[in-house]
Number of protein chains: 2
Amino acid sequence: MDRRTAILDSAERRARKGGYYGFSFRDIAEDVGVKSASVHYHFPTKEALVEALGERYLERAKEALGNPADHPGVEGVQRVADLFLTANETDDLMCLCGIFGAELAALPAAIQPKIAAYFDYLTEWLTAALGVGAEPAHAQAVVAALEGGLILSRTKDDPAVLRTIVQLLQTGQKVRLS
Amino acid sequence: MDRRTAILDSAERRARKGGYYGFSFRDIAEDVGVKSASVHYHFPTKEALVEALGERYLERAKEALGNPADHPGVEGVQRVADLFLTANETDDLMCLCGIFGAELAALPAAIQPKIAAYFDYLTEWLTAALGVGAEPAHAQAVVAALEGGLILSRTKDDPAVLRTIVQLLQTGQKVRLS
DNA sequence: GTCTATAATTTGATAGAC
DNA sequence: GTCTATCAAATTATAGAC
């Protein structure tokens, strides 16, 4: 693996644990096995590093999701949900854009459009998967429920929390609980 | 206002902007108009400070929500949603437990039960408001959708995002979008 | 590309005077 | 309770040798 990728891997993992201020260039340098000055060679500033992080995160989601037309209806919901279920159960990591979105007010301004682009892509992909007549607002609500569900599930240290929410989203239970 | 309260107010505001690592004792001292050593007098460690923050945050939610029996059905959903709508539109702040929940893996362990208690309380309160036959899992999904909706709304810098999600939750539109 | 060395600043926390 | 003073450590970032 090339060094730039190793740096991004380390940074992503740490950012998804503790957020923007929760990791340092030295943390990454130790993970990768170099000195912090070498990390600065590849990414001159922390802002540049997390921008690259956000871009890669979106590209990976695009690759993982594929063509929405190939996953119509409920299968599309499952596919988006799997991004969050894998983060939760396989990787034990928060969503990068979820944690950066929560911290947004204290982050370098250049990061905001990268995070927004991620949420927009998931929403648009899901709207397309659900087909003609689907409301983007509904797709956005599903993305929000998954993002919040990941936070609740991790806080309670219980994967069943997110799984149950995904199930409700799939089976079309009413959101209104009355 | 007594000093302890002023310190908690400053810390809460800053924590809800940038998370646990996004503020310092000196930041708070400057907000309050004292020296950082005085902040340490009231809260010896940062961990003690954020624990107090979490406890106060829950107590305030309890006061704001009142008795669930007084707000049956959809009115209960509106009352919980108002906590998030106020954070978003009036205060322009993230939910304290949402941002700490996202950063949880990198926070002092003693904070986790405080955050979990908040989500549990909202879920139990809403389950009670929805009355006999209501599924706690549905109430939890509503809390998750609100927490995630707050993140998406702030990221897009558009209050309508959260408002629309709240509307879907109230009108009982299906979560399944197929 | 990676290193050593270092600058300039900030961090959480403490000792002790008042 | 608040202050001055300080500590030890960590932070982002840069200069320059190799």
Side-chain angles (χ1 to χ4, degrees), chain A residues 1-56 96 99-100 103-112 114, chain B residues 1-56 96 99-100 103-112 114:
Chain A
M1 192 189 349
D2 82 329
R3 192 127 288 169
R4 187 192 149 94
T5 303
I7 289 169
L8 287 171
D9 286 350
S10 163
E12 178 178 324
R13 185 164 200 289
R14 287 183 175 272
R16 291 171 68 183
K17 291 268 182 195
Y20 184 85
Y21 300 100
F23 71 97
S24 71
F25 277 80
R26 271 175 186 77
D27 290 332
I28 294 166
E30 283 165 27
D31 287 348
V32 173
V34 294
K35 296 297 175 180
S36 71
S38 300
V39 180
H40 278 282
Y41 169 79
H42 293 279
F43 301 95
T45 65
K46 198 170 185 180
E47 180 173 338
L49 172 59
V50 299
E51 275 186 66
L53 228 47
E55 285 166 18
R56 192 181 71 153
L96 182 76
I99 195 164
F100 280 173
E103 296 173 334
L104 195 77
L107 301 191
I111 297 167
Q112 182 264 338
K114 313 282 182 182
Chain B
M1 190 188 351
D2 82 329
R3 191 127 288 169
R4 187 192 148 94
T5 302
I7 289 169
L8 287 172
D9 286 351
S10 162
E12 179 178 322
R13 185 164 200 289
R14 286 182 175 273
R16 291 171 68 184
K17 290 267 181 194
Y20 185 85
Y21 300 100
F23 71 97
S24 72
F25 277 82
R26 276 174 184 77
D27 290 332
I28 295 165
E30 282 164 29
D31 286 348
V32 173
V34 294
K35 296 298 176 179
S36 71
S38 300
V39 180
H40 277 283
Y41 169 80
H42 292 279
F43 301 96
T45 65
K46 197 171 186 181
E47 180 174 337
L49 172 59
V50 298
E51 276 185 66
L53 228 48
E55 286 165 18
R56 192 180 72 152
L96 181 77
I99 195 164
F100 280 173
E103 297 173 335
L104 195 76
L107 301 191
I111 297 167
Q112 182 264 337
K114 314 281 182 184

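Lettering of chains follows the sequences in order, A, B, ..., and the numbering in each one begins at 1.
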In whole Å, what is the span from the CG atom of Asp2(B) to the P atom of dG1(D)? 9 Å
Could you please name the option among dA13(D), dT4(C), dT2(C) that lies closest to any side-chain atom of Ser38(A)? dT2(C)
Below 4.0 angstrom, N of the basic side chain to O of the carboxylate: do Asp31(A) and Arg13(A) qualify? no
Less than 4.0 angstrom between a side-chain N/O of Lys35(A) and OP1 or OP2 of dT2(C), yes or no? no
Is the cationic atom of Lys46(B) (NZ for Lys, CZ for Arg) positioned less than 6.0 Å from the six-membered ring centroid of Phe23(B) and within 45 degrees of its normal? yes
Grab the OH-C1' distance between Tyr20(B) and dT11(C) for me, whole Å please. 12 Å
Any Ser24(B) side-chain nitrogen or oxygen under 4.0 Å from OP1 or OP2 of dT11(C): yes
Measuring from the side chain of Arg26(B) (C-beta onward, heavy atoms only), which nucleotide among dA13(D), dG12(C), dG1(C) has the closest atom? dG12(C)
OH of Tyr41(A) versus P of dA5(C): gap in Å, rounded? 22 Å
Once you round it to whole Å, what is the distance between C1' of dT9(C) and OH of Tyr21(A)? 15 Å
By the 4.0 Å heavy-atom rule, please label Arg3(B) as base, sugar-phosphate, or nothing. sugar-phosphate
Starting the side chain at C-beta, find the nucleotide from dT4(D), dG12(C), dT12(D) nearest to His40(A). dT12(D)
Starting at atom CG of Asp27(B), determine the distance to atom C1' of dA13(C), rounded to an integer number of angstrom. 16 Å
dist Arg56(A):CZ -> Asp9(A):CG (nearest 0.5 Å) comes out at 4.5 Å
Parallel, tilted or perpendicular, judged at 30° and 60°: which one describes the rings of Phe100(A) and Tyr20(A)? perpendicular
Measure the distance from CZ on Phe43(A) to C1' on dT14(D) and round it to the nearest whole Å. 18 Å
Per His42(B) side chain, nearest of listed nucleotides dG1(D), dA13(D), dA13(C): dG1(D)
Sugar-phosphate, base or nothing in reach of Phe23(A), heavy atoms under 4.0 Å: sugar-phosphate
Rounded to the nearest Å, what distance is computed from the CD1 atom of residue Ile7(A) to the P atom of nucleotide dT12(D)? 14 Å
Which value, rounded to the nearest 0.5 Å, describes the distance between Leu8(A) atom CG and His42(A) atom NE2? 10.0 Å
Check every strand shown and say whether Phe25(A) touches a base, only sugar-phosphate, or nothing at a heavy-atom separation below 4.0 Å. sugar-phosphate
Quickly work out the Lys46(A) NZ to dT9(C) P distance and round it to whole Å. 19 Å
Taking dT11(C), dA13(D), dA5(C) as options, the one with an atom nearest any side-chain atom of Ala37(A) is dA5(C)
